[in-house]
Amino acid sequence: MADSSVSFLLDKLTSLLQEEVNLQIGVREDVQYIKDELERHKAILRVADSLEDKDPELKAWVKRVRDIAHDMEDSIDEFNLHLVDPHGQGNNSFHKIAFGIKTVKARHRIASDIQSIKSKVEIISQGRPSITGIGSSSSQWLSSRLDSQGDALLLEEADLVGIEKPKKQLGDLLCNDEPGRAVIPICGMGGLGKTTLAKQVYDDPKVKKRFRIHAWVNVSQSFKLEELLKDLVQQLHNVIGKPAPEAVGEMNSDRLKEVIKNLLQSSRYLIVLDDVWHVKVWDSVKLALPNNDRGSRVMLTTRKKDIALYSCAQLGKDFNLEFLPEREAWSLFCRKTFQGNSCPPHLEQVCMNVLKMCGGLPLAIVAISGALATRSRANIEEWQMVCTSFGSEIEGNDKLEDMKKVLSLSFNELPYYLKSCLLYLSIFPEFHAIERMRLIRLWIAEGFVNGEDGKTLEEVADSYLKELINRSLLQVVAKTSDGRVKTCRMHDLLREIVNLKLKDQNFATIAKEQDIIWPDKVRRLSIINTLHNVRQNKTIFQLRSLLMFALSDPLEHFSIHALCSTGFKLLRVLDLQDAPLEVFPTEIVNLYLLKYLSLKNTKVKNIPGSIKKLQNLETLDLKHSYVTELPVEIVELQRLRHLLVYRYEIESYAYFHSRYGFKVAAPIGQMQYLQKLCFIEVDQGSKALMIELGKLTQLRRLGIRKMRQEDGAALCSSIEKMINLRSLSITAIEDDEIIDIHNISRPPQFLQQLYLSGRLEKFPHWISSLKNLVKVFLKWSRLEEDPLVHLQDLPNLRHVEFLQVYVGETMHFKAKGFPSLKVLGLDDIKGLKSMIVDEGAMPGLKNLIIQRCDLLKQVPLGIEHLTKLKTIEFFDMPEELIATLRPSGGEDYWRVQHVPVVYSTYWRDGGWDVYSLETLGERESDSSHSAAIRSLERRMLWKV
């Protein structure tokens, strides 16, 4: 992470040298010297991040570099802070002179700071370790890594509870009649038992009998192709009972591939590549493994999803190993901890807490069980300490060292630019589902995201997130209906390993326990539950980031100054989401370097005009606050990229109608960097505002409320200029107001999500040309023509919702229509009497929701063709329809009997009654009831 600190600093130094800043004589040369020296150190730092734990001297050097980078960053930020003109009168010549005199002291101070830092840089440059030395350390570390690779095999077959099912599935994939060479990757997080499972299948007598030619190859992160191929040649000769030619030792990789191919050409073979870290491993080896149409197989274990998908892209099937379910995890834990006996009643709760931290990871359960097995069962306090100080338990317990190695390996192998991103997740509370876009915007504000040609920083950050998920370091908690990641989290055991790195690097401080040990300096501070621990602390704050979670303290008079009297003026990130805050803290407007400000889910009502001082602000998140109007000064925030201001009000299913946006009486077109603008209310000064929107050519997401018919032409003209638009939401001022958006001749071709709420005189023809469209939500359209005709050929459309969209009696889903559709919702289609689904229509549909269609009294004809359906949900539908679907006597039950879950839900007496058709009219269980209601509530949100 020292590399990240240095990279961030180098950007600042570059800006300082390029800007017309009046530095004192000699300072510019000193800055250039520091920049050049740090550039020289970067190559070493990128390697050192993975090796410093093995080399105390290297670790100390890296720490000195990191501290210097932080000191230099502080000096530059302090200097920039003093150059901020709080009165904004920069064009006044007299004021310029007066302000210049006022900043002499600041220029003198940075000159002094830079001289001191230059001296330190000279010292660390003289003591810089050589690349050769690092290469030697690297070899030693890789050697120890290979020695620890067997740790995965410490899991015995008995340790993988429920192994029989995946073992059989794998065996079936190996032994089926498919003649082509198939690749079967086993993918999952370190410690799930991938190698153990593969080994059990590989050693199965039936498998050995089918594949008489077989070999198991251990692959390392820094594999050498020739050594790997020589090992494979040797194993194959051993299997066939012939000595390998002596010339093998002198062969190059191309000749070795020929030898292997010749050995395998006429045989059915099984090759296992264990612990693959790079796509190039498969690319290097696959040409030596002939596709000889004899039913040969390749098994491959990896932590990385992209390798699994890439290797089996042509012919094969990836096999994802899952975490243990709660019951099986408990069984394994008790068997290992209590030697097959049941858990003593007085230890049950604490053991359940320990097990929760293991998160269904077999290696963690086995390792922790081994550590607990030696503890006295009479002393419950000793067991409880495992939960309260889990990180130190891992650090100091030899029995957990193997587990730490396996889990640390994934972190150590990360490219430098992802390490800070992963560390950052530790600032969120345990078991917290982290919103994808919140995380992306925070990463950018922190300076972790490197610019790439042709991509926005948000797109680069999204690729970082996907890579961490792909490497099994993050778990997806929830996805949107169109398949995008919505929330994610880190596995709790991996989190503890990362927390050790967090403290060691002084990357961030987490304030939640009463007895927290504070570092000497705090740069990032995450406060969880209470402010009390921070107020009692006397440490030095040099805060760049302040985030608060689940605060119980009242914040009527919240003050950052009272929290930490010094060291907060350089804040870049201030996240007060969910804080019990009612008034905008006025001191925020003096945080001139602030890039990210979130007051989401607070009760703040007003934003002062003085917010214009925050000239570096990039994200202003006021979602679900009580702000309904922004000051005209908001347009002076020229760097703002994300302006998010809206809230929902839903009292009940019977009464929900309001999504509040914000009003602003200002030329919003000046905010050239805006990417997200939602939801802006356009009922006042609407035509001029529509024209202003056309200047925002960087917009990715636009949300408009209270649109009038007469403003349609101006909006259409503006939308044509938004070539980067991905999401468009338009809501009319009343439900019978016409949305006139037909005259768009050049629609945004990257548009993925479209939400239209208002009357449509006819279906907008341009929608049919949007090949990238994945979501279409239409409300109050009241079309006389069937809208399906215009949407059925869109190749990527995954989610469609209609509410009061169509006044006809029949909806016909034709063969080959909606090839990618996963979710279909129909609500309050008043005149609808019948639905027809042709065979071949919506072949991938998984969820069908039909709601408040009072005249639809028979099940959709052809619904039996929808073989991928997982759920059908009926809300407030006629009893005549439901009766035809009941298992006992329902004439149309046969049409839906292949669907795992069919709900029938009614709103009665101010509450919900949920029934499953399988229960013959009995009320559904609480868990199923909750699932149905959550589904409905999610669907209600888009309708407000």
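Because the structure is a prediction, the values reported are computed rather than measured.
R523 forms no cation-pi arrangement with F507, by the criterion of a distance under 6.0 Å to the ring centre and an angle within 45° of the ring axis.
Between Y269 and F211, the distance from one ring center to the other does not fall under 6.0 angstrom.
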Step-by-step side-chain hydrogen bond (donor to acceptor under 3.5 Å, both in side chains) determination, N847 to T871: CA-CA 5 Å; N847 193 4; T871 307; 4.6 Å; no
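Using a cutoff of 4.0 Å between basic side-chain nitrogens and carboxylate oxygens, R524 and E446 are scored as salt-bridged. Between R436 and D462 there is a salt bridge, since a side-chain N of the basic residue sits under 4.0 Å from a carboxylate O of the acidic one. Under a 4.0 Å N-O distance rule, the pair K512/E430 qualifies as a salt bridge. Note on D482 versus R484: salt bridge recorded, some NZ/NE/NH1/NH2 to OD/OE distance being below 4.0 Å. D575 and R438 are joined by a salt bridge, as a carboxylate oxygen and a charged side-chain nitrogen come within less than 4.0 angstrom of each other.
Looking at residues two or more places apart in sequence or on another chain, you find a ring-ring contact (aromatic ring centres under 6.0 Å, His included) between Y202 and H214, W216. Residues passing the side-chain contact (heavy atoms from CB on, under 4.5 Å) test with K455, sequence neighbours excluded: E452, E459, V460. When the side-chain contact (heavy atoms from CB on, under 4.5 Å) test is applied to C343, the partners found at least two apart in sequence or on another chain are W330, C334, F338, L347, E348, C351. By the side-chain hydrogen bond (donor to acceptor under 3.5 Å, both in side chains) test, Q752 is found to be paired with no residue, residues two or more places apart in sequence or in another chain being considered. Contacts of R297 classified as side-chain hydrogen bond (donor to acceptor under 3.5 Å, both in side chains), with partners at least two apart in sequence or in another chain: N176.
Judged as a ring pair (Phe, Tyr, Trp, His ring centres under 6.0 Å), the pairs with a partner in residues 458-477 (not counting sequence neighbours) are, in order, Y417-Y464.
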